[in-house]
Student: 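Before I ask anything, here is the structure I am working with.
Only heavy atoms go into these numbers, but all of them, side chains included; no hydrogens, no water, no symmetry mates. Every chain is numbered from 1, with letters handed out A, B, ... down the list of sequences.
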There are 2 protein chains.
Amino acid sequence: MTTSSTSNARGSGRGQRVTIADIARRAGVTSAAVSLAVNGRPGVSDATRTRIIDIARELNWEPSPAARALAGAPVLTVGMVLARPADVLGNEAFFGAFVAGLQEVLSAQDYSLQMKIVDSPEAEIETYRRWFAQRRVDGVVMVDLRVDDPRIPALEDLGQPALVIGGPGHHGSLPSVYVDDAHATHLLVDHLVSHGHRRIARVAGTAEFLHTSERDQAFLARCQELDVDGVLQDAGFGAQDAAVATAELLTLAAPPTAIVFDSDEMALAGTHVLLESGIEVPGGIAVASYEDSPLARTHRPAITAIGRSAVEYGRLAATRLLEIVAAGRGRPQPEVTGGAEQTGSSVEVRAIEPILVVRGSTDPSADTAPPSGPNRG
Amino acid sequence: MTTSSTSNARGSGRGQRVTIADIARRAGVTSAAVSLAVNGRPGVSDATRTRIIDIARELNWEPSPAARALAGAPVLTVGMVLARPADVLGNEAFFGAFVAGLQEVLSAQDYSLQMKIVDSPEAEIETYRRWFAQRRVDGVVMVDLRVDDPRIPALEDLGQPALVIGGPGHHGSLPSVYVDDAHATHLLVDHLVSHGHRRIARVAGTAEFLHTSERDQAFLARCQELDVDGVLQDAGFGAQDAAVATAELLTLAAPPTAIVFDSDEMALAGTHVLLESGIEVPGGIAVASYEDSPLARTHRPAITAIGRSAVEYGRLAATRLLEIVAAGRGRPQPEVTGGAEQTGSSVEVRAIEPILVVRGSTDPSADTAPPSGPNRG
DNA sequence: GACTGTTACTATAGCGCTCAAGTAGGGGTG
DNA sequence: CACCCCTACTTGAGCGCTATAGTAACAGTC
């Protein structure tokens, strides 16, 4: 490249930064005019604006986020904190794709994502507090919604733009986006029932997560509606837990003919237990998962799963959060007068419609061709 | 706008921020003294310092990163950009753990990690350029080192703190940390040979990555040294590629008795191909992987793998990067005079010693107990 | 007692940007 | 032609912090 020549003017500092003052000088206007021009705000003529922008580009000017932030402009950063054991992140197919979807939308709007991994909900709340206190972020997205989640009131208190991933419900007065787990459950159960299964087990992940209980309820309700046996087997979220839970199901007097797992990792672990026990999948017991992943796709038999399209989920979340941030900017002061807490129930919420991807683990005819099916969101 | 409400003094702002001026007023000193005090710089007496710090704490003061950055202080943020297809992130056990390790060290020093996913090396370079131009980050960590990587000269040009993950070599004049892949290769090959294998295949990932070619070379060299057959089979990094490569190996006149895969995902896919072909693992063909993961652990047979301790890797990287950032602060200008490129070879580099975790896929006696073995870094 | 040296601060000037308020100039209106 | 309004700017202040002079007070030296 050797961009070295063109720019560098005077001696010392590493970065003899180009500032709007430089642009202003060259354009024969004041820096305020430059500010208006480059930010697309009214107050300068079109001619001047384009001239200024051209000069800015020519000078290779980059705005200083620090100066902008200090002067009260948005910092163009949103945050996400994860309170999970460190390496869980690595196992989760969902997570990476979700982040990718977030990034895609954020980057397009020149926003960046700041992430932090902490080890407790308290630390998470403290991080939100500091982030907003320091004006490090314009908004946050909160994941892993739990039942009676202490982070909800904390974020409500902060009164800053925040988006909850998960629901419906339990997100207080905060906006949320979520996957319709009840619907997903119906898809799974209906599919299995349509394939003749009358005794279905659900190996459930950690109960404290909201979506787990959502699924539990939907599962039992749907089984009852369709008049089939629904067996609920609790487990943790790990592969090991799923393996144990699966083994336990096999000891039942009347074992299920199909098992639905809460994640791809769990489904895989469970499948191995079945195969090791000499039970064919899906011949002996059919297997399905709430979470799709490349792993679930490549596995033989490939695992029937809910295609949550985590990437799309991330995109939706980012879009929604940016709306919230923008709106928050619109109304600097949230109307102190008037009745309290009126907004509570009227927060707009958006859901993702789950789809079912049928594969060999429930339907032997599905795995004929090498996997090249529905892939990315 | 009715600014009448409780707190706000003047104008609009939502948060009547506590500033060092407030602290100064209460302490009866100037804000400069406060700055010295809270930053642990000499220039104030111990008595005054503690008094100031107490008041700061009492007032719940949080420093403004924007103001600090604007005034020339470090921004306490490091960046990492990933040029990968979006959902690959989700498959990689390594990646999440690596990030976790990074975060652990960074958070402890009050640094944050900024991440960005882009879709090309050019976009990645551009991101670095902008990050530094905008002073958004104090330094960056570069991952997925390739052979003849264009990002290396680009980062060298920028002349900003940057740490390369990968090596040895090919990182130009930039500091790097890496896993000793040659050593890892020796561990794997030696292990297999010691178990009687005389014909070993290596299913290699994408050739453009530096570590792939490192492994290739080390593999062939070691096989020759030990006088065993070494078969190199190229593949991509996907499960599908690995499956195809494995299938191809089976068509050889003299198929290998052991296969080493470049990642856990590949190893799993390959293992399934073997099992489907009626070949027992490790009875028929033994399997090992360069990458450990919970998946590799839970799989039956569990996969023998190199425990790279990605978390530890991340920790080391963060520690090293912070050192570099700190050093960069010390010498504002890297000696313009003197011969060019002299520093080239003298950059300190650190390596992680790989370890071998033997499991059932190469040694049937290893899988007796349920998996509870070496876990996190 | 005029000199230098410390120590412990203060004063002041930015960093680069945004924003509210002010003003010049031109056009339309009565 | 005095009036007002609009556009297209300029002025000036200030965001919260850091950095570099500067100064006052006190001790030690010859």
Side-chain angles (χ1 to χ4, degrees), chain A residues 10 12-25 27-52 56 59-76 133-136 138 329 332, chain B residues 1 3 8-52 56 59-76 133-136 138 329 332:
Chain A
R10 60 177 119 205
S12 64
R14 29 178 83 191
Q16 56 332 304
R17 226 175 152 28
V18 177
T19 74
I20 54 170
D22 300 321
I23 301 172
R25 206 172 306 124
V29 296
T30 63
S31 61
V34 176
S35 177
L36 294 176
V38 299
N39 290 309
R41 246 183 288 270
V44 283
S45 66
D46 283 356
T48 312
R49 185 187 303 278
T50 52
R51 184 161 47 93
I52 287 173
L59 255 39
N60 237 308
W61 172 78
E62 294 282 354
S64 155
R68 281 190 161 163
L70 190 54
V75 291
L76 301 186
Q134 302 188 341
R135 289 207 61 217
R136 261 183 192 279
D138 294 325
R329 194 153 310 289
Chain B
M1 190 192 303
T3 340
N8 303 337
R10 78 222 37 234
S12 53
R14 28 179 88 189
Q16 58 329 311
R17 222 173 154 32
V18 177
T19 75
I20 55 169
D22 299 322
I23 301 172
R25 205 171 305 123
R26 284 252 257 165
V29 295
T30 62
S31 61
V34 176
S35 176
L36 295 176
V38 299
N39 290 308
R41 246 183 285 269
V44 283
S45 66
D46 283 356
T48 312
R49 185 186 303 277
T50 52
R51 184 161 46 93
I52 287 174
L59 256 40
N60 237 308
W61 171 79
E62 294 282 355
S64 154
R68 281 190 159 164
L70 191 54
V75 291
L76 301 186
Q134 302 186 342
R135 290 206 62 219
R136 260 182 193 280
D138 295 324
R329 194 153 311 287

Student: Please name all residues satisfying side chain to side chain donor-acceptor pair (under 3.5 Å) with B/Arg136, sequence neighbours left out, ordered by chain then number.
Tutor: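 B/Gln134.
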Student: Go through residues 35-42 of chain B and report each residue with a non-hydrogen atom lying under 4.0 Å from DNA chain D, sorted by number.
Tutor: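 Correct list: B/Ser35, B/Asn39, B/Arg41.
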Student: Would you say A/Arg68 reaches C/dC17's phosphate, i.e. side-chain N/O to OP1/OP2 under 4.0 Å?
Tutor: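 No, because none of the side-chain N or O atoms of A/Arg68 sits under 4.0 Å from OP1 or OP2 of C/dC17.
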Student: Is there a side-chain contact between A/Thr19 and the phosphate of C/dG16, meaning an N or O under 4.0 Å from OP1 or OP2?
Tutor: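 No, outside the criterion.
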Student: Does any pair with a residue in residues 62-74 of chain A pass salt bridge (charged side-chain N to carboxylate O under 4.0 Å, His left out), and if so which ones, sequence neighbours excluded?
Tutor: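 The answer is A/Glu62-B/Arg129, A/Glu62-B/Arg130.
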Student: My understanding is that only residues two or more places apart in sequence, or in another chain, count here; which of them pass side chain to side chain donor-acceptor pair (under 3.5 Å) with A/Thr48?
Tutor: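 Side chain to side chain donor-acceptor pair (under 3.5 Å) list for A/Thr48, sorted by chain: A/Ser45.
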Student: Return the minimal non-hydrogen interatomic distance between B/Ala69 and B/Val75, and the atom names on each side.
Tutor: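 Closest heavy-atom pair between B/Ala69 and B/Val75: CB-CG1, 3.3 Å.
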Student: Looking only at heavy atoms, what is the nearest atom pair of B/Ala67 and B/Ser64, with distance?
Tutor: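 For B/Ala67 and B/Ser64, the tightest heavy-atom pair comes out as N-OG, 3.0 Å.
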Student: Distance check needed: D/dG16 P versus B/Arg17 CZ, whole Å only.
Tutor: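 Rounding to the nearest Å, CZ of B/Arg17 and P of D/dG16 are 6 Å apart.
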Student: Which pair of non-hydrogen atoms, one from A/Val44 and one from A/Ala37, has the smallest distance, and what is that distance?
Tutor: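 For A/Val44 and A/Ala37, the tightest heavy-atom pair comes out as CG2-CA, 4.0 Å.
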Student: So which one's nearest nucleotide on DNA chain C is more toward 5', B/Ala67 or B/Ser31?
Tutor: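 Its nearest nucleotide being more 5', the pick is B/Ser31.
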Student: Might you point out which heavy atoms bring B/Trp61 and B/Ile23 nearest each other, and give the distance in Å?
Tutor: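 Reported closest heavy-atom pair: CG-CD1, 3.6 Å.
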Student: Please give, in whole Å, the distance from D/dC15 P to B/Glu62 CD?
Tutor: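 It works out to 19 Å between those atoms.
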Student: Can you list everything that forms a side chain to side chain contact (heavy atoms under 4.5 Å, CB included) with B/Ala27? Sequence neighbours excluded, please.
Tutor: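 Side chain to side chain contact (heavy atoms under 4.5 Å, CB included) list for B/Ala27, sorted by chain: B/Val29, B/Arg51, B/Ile52, B/Ile55.
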Student: Can you pull the salt bridge (charged side-chain N to carboxylate O under 4.0 Å, His left out) pairs that have at least one residue in residues 29-38 of chain A, sequence neighbours excluded?
Tutor: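 Every pair satisfying salt bridge (charged side-chain N to carboxylate O under 4.0 Å, His left out) with a residue in residues 29-38 of chain A: there are none.
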Student: Choosing from C/dT18, C/dC15, D/dT10, which nucleotide comes nearest the side chain of A/Thr30?
Tutor: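 The answer is D/dT10, which lies nearest to the side chain.
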Student: B/Ala32 side chain: which of C/dC15, C/dA11, D/dT18 is closest?
Tutor: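 Nearest nucleotide to the side chain: C/dA11.
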Student: Among residues at least two apart in sequence or on other chains, which ones pass side chain to side chain donor-acceptor pair (under 3.5 Å) with B/Arg49?
Tutor: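 Once residues adjacent in sequence are excluded, B/Arg49 has no partner under the side chain to side chain donor-acceptor pair (under 3.5 Å) criterion.
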Student: Measure CG/A/Asp22 against C1'/C/dC15 and give the value in whole Å, please.
Tutor: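 A/Asp22 atom CG is separated from C/dC15 atom C1' by 13 Å.
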Student: Starting at atom CD1 of B/Ile23, determine the distance to atom P of D/dC17, rounded to an integer number of angstrom.
Tutor: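 So the CD1-P distance, B/Ile23 to D/dC17, works out to 7 Å.
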Student: Report each atom pair, protein N/O against N/O of nucleotides 23-27 of chain D, whose distance is under 3.5 angstrom.
Tutor:
none

Student: Taking salt bridge (charged side-chain N to carboxylate O under 4.0 Å, His left out) as the cut-off, I'd like each qualifying pair that reaches into residues 25-41 of chain B, sequence neighbours left out, listed once.
Tutor: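 Non-adjacent pairs meeting salt bridge (charged side-chain N to carboxylate O under 4.0 Å, His left out): B/Asp22-B/Arg25, B/Arg26-B/Glu58.
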Student: Angle between the end axes of the helix from C/dG1-D/dC30 to C/dG30-D/dC1, five pairs per end, to the nearest 10 degrees?
Tutor: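 Computed angle between terminal axes is 50°.
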Student: Any chance you could measure B/Arg17, atom CZ, to A/Arg135, atom CZ, to the nearest 0.5 Å?
Tutor: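 With rounding to 0.5 Å, CZ (B/Arg17) is 8.0 Å from CZ (A/Arg135).
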Student: Hey, could you give me the CG/CD1 distance between B/Leu36 and B/Ile20, rounded to the nearest 0.5 Å?
Tutor: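 Between B/Leu36 CG and B/Ile20 CD1, I get 9.5 Å after rounding to 0.5 Å.
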Student: Would you tabulate the nitrogen or oxygen pairs shorter than 3.5 Å linking the protein to nucleotides 22-27 of chain C?
Tutor:
none

Student: Check every strand shown and say whether B/Val34 touches a base, only sugar-phosphate, or nothing at a heavy-atom separation below 4.0 Å.
Tutor: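 Nothing: the residue B/Val34, judged by heavy atoms under 4.0 Å, touches no strand.
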Student: A/Leu76 has an atom CG; how far is it from atom P of C/dT18, in whole Å?
Tutor: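 Those two atoms, CG and P, are 10 Å apart.
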Student: Between atom CZ in A/Arg136 and atom C1' in D/dC17, what is the gap in whole Å?
Tutor: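 My rounded result for the distance is 14 Å.
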Student: Tell me the interatomic distance from B/Arg135, atom CZ, to C/dC17, atom P, rounded to whole angstroms.
Tutor: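 Nearest whole value for this atom pair: 13 Å.
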Student: Using the side chain to side chain contact (heavy atoms under 4.5 Å, CB included) criterion, which residues pair with A/Thr30? Sequence neighbours excluded.
Tutor: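 Only A/Ala32, A/Ala33 meet the side chain to side chain contact (heavy atoms under 4.5 Å, CB included) criterion with A/Thr30.
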Student: Without decimals, in angstroms, what is the distance between A/Leu70 CG and D/dA13 P?
Tutor: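 Value for this atom pair: 17 Å.
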Student: For a quick test of reading the model: is some side-chain N or O of B/Ser45 closer than 4.0 Å to OP1 or OP2 of C/dT7?
Tutor: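 False: B/Ser45 side-chain N/O out of range (4.0 Å or more) of C/dT7 OP1/OP2.
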Student: With respect to the side chain of B/Val44, which nucleotide from D/dT10, C/dC9, C/dT18 is positioned closest?
Tutor: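 That would be C/dC9.
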